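Everything quoted here is computed from the prediction, not taken from an experiment.
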Amino acid sequence: MRIPTFQDVRAAGRRIAPVVRRTPVQRIPGTRVLLKREDLQKSGSFKLRGVTNAFAVAAPVRVVTASSGNHGKAVAMLARAAKVPATVVMTARSAPEKVETIRGLGARVVFVEGGVAERNRLAEALAAEQGATLIPSSDHADVIAGQGTTGLEIATQTAGIEAVYVPVGGGGLLAGMCLAKAAWHEAPTGLSVPSVPSVPAVIGVEPVSAPRYALSLATGKPVAVPPSASVADGLRGQAPGRVALPVITAGVDHLTVVEDDEIVRTMSLLRTHGIVAEPSSAAAVAAALKADHVRDVVVVLTGGNIARSRFDELTGHGIHELQNTHELQQTHTYAALAAA
């Protein structure tokens, strides 16, 4: 088991630069909350970063993964581009639109009863059976390093921020952000604010029904939780990752939880600003909005892959009339991005 370092994040940044999009940072009007718009990533989520790095390192000829949707989509995209077969293991409760998207990209989808733990075990077994490269959705050194490149970008796009909020599913993005904290020591001089701490706090956000990292850090040992029915399907992880946990233990500043109703209210709020966010993405925004901060904070808006019908069902609002879901990109771009 290899534990990634900040140097791995830097190397990942160089590898994935030709493939991934450098996403903007934008303010929610009237708040101290800035959004790192990974929902505008080419795959619709941040997951493309880790998958691209893992593909670049492993050069697989056959790939297997387990996913709630966004990671599987990114794997299917890269596998199609590389012309290699891909199998994605998903739970029977997976969002139908995400299943169809993955199939549409040419990957084989295999369902499993149970939760995330059963899903991951089947993916490991299939990879061994097929002689395929297993690319986990989060608990893998190269995946974590790729996700950490989100932090590298934030460090050069913002100035004097108080914290970075990250939703926690498998823990790969949070672990990557913990490693990327070192990037703030290297931020361009023009973005420095001498009167405030140079390195922001890293805050992880879990559903109240799946606080496995909070429990693990509190007890000092890995703690597994039962399958969650949280509306945030991408944050239903049951156990902390073996690779991610030590990185998070060493680098996270705080872990907090949000309720499903807070997530749904935040989805509705973001919609009024032209952003359609999936529940897992909105979770960290909800936590940031209810916190008391004296300076700006950044939230990684991790993805926007949600069906219109599901969004309507959750929020009671229609999104079919929203012609330009990215309108905020044009009107509220954070000033520090202007020179990027």
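Asp142 has its side chain out of reach of Phe55: every pair of non-hydrogen atoms, C-beta onward, lies at least 4.5 Å apart. Looking at heavy atoms from C-beta onward, Leu174 lies out of side-chain contact with Tyr165 at the 4.5 angstrom threshold. Contact of the Asp296 side chain with the Thr158 side chain is not registered, since no non-hydrogen atoms from C-beta on lie closer than 4.5 Å.
Classification of Arg93 and Asp233 as a salt-bridged pair fails, no side-chain N sitting under 4.0 Å from a carboxylate O. Ionic pairing of Arg121 and Glu124 is not present here: no N-O contact between side-chain nitrogen and carboxylate oxygen is shorter than 4.0 angstrom. With salt bridges taken as basic N to acidic carboxylate O contacts below 4.0 Å, none links Glu97 and Arg310. Comment: Arg15 does not engage Asp8 in a salt bridge, judged by the lack of any side-chain N to carboxylate O separation of less than 4.0 angstrom. Ion pairing of Glu38 with Arg21 is absent here, as no side-chain N (NZ or NE/NH1/NH2) approaches a carboxylate O to less than 4.0 Å.
Both Ile102 and Val99 belong to a single network of hydrophobic side chains, linked directly or stepwise wherever heavy atoms of I, L, V, M, F, W or Y lie under 4.5 Å apart. Cluster annotation: Val247 and Leu255 are assigned to distinct hydrophobic clusters (Ile/Leu/Val/Met/Phe/Trp/Tyr, side-chain heavy-atom contacts under 4.5 Å, transitive). Under the 4.5 Å side-chain heavy-atom criterion for ILVMFWY residues, a single connected hydrophobic cluster contains both Tyr213 and Val202. No single ILVMFWY cluster, assembled from side-chain heavy atoms under 4.5 Å apart, contains both Val143 and Leu179. Taken together through direct or relayed side-chain contacts under 4.5 Å among Ile, Leu, Val, Met, Phe, Trp and Tyr, Ile16 and Val9 form parts of separate hydrophobic clusters.
Among all heavy-atom pairs drawn from Val252 and Gly204, the shortest one is CG2-N, 4.2 Å. Shortest non-hydrogen contact noted between Ile135 and His71 is O-NE2, 3.0 Å. The two atoms that bring Asp139 and Val243 nearest to each other are OD1-N, 2.8 Å, heavy atoms only. Between Val63 and Ala79, the shortest heavy-atom distance links the atoms CG1-CB, 4.3 Å. Across Leu40 and Pro24, no two heavy atoms sit closer than the pair CD1-CG, 3.8 Å.
In this structure, a donor-acceptor pair under 3.5 Å is absent between the side chains of Asp39 and Ser45. Using a 3.5 Å distance cut-off with no hydrogens or angles, the side chains of Gln41 and Thr23 do not pair a donor with an acceptor. Looking only at atom types and distance, the side chain of Arg212 has no donor-acceptor partner in the side chain of Ser228 under 3.5 Å away. Gln238 and Asn120 share no side-chain donor-acceptor pair at under 3.5 Å. For the residue pair Gln7 / Thr5, a side-chain donor-acceptor distance below 3.5 Å is found, with atom types taken as modelled.
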So Glu113 and Arg119, salt bridge (Lys or Arg N to Asp or Glu O under 4.0 Å) or not? Walk me through it. CA-CA 8 Å; Glu113 296 295 334; Arg119 184 194 74 186; over 6 Å; no
Please test Glu313 against Arg308 for salt bridge (Lys or Arg N to Asp or Glu O under 4.0 Å), starting from the C-alpha separation and ending with a verdict. CA-CA 9 Å; Glu313 176 188 357; Arg308 294 175 176 180; over 6 Å; no
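Of the possible donor and acceptor atoms, none in the side chain of Ser230 sits under 3.5 Å from a partner among the backbone N and O of Pro207.
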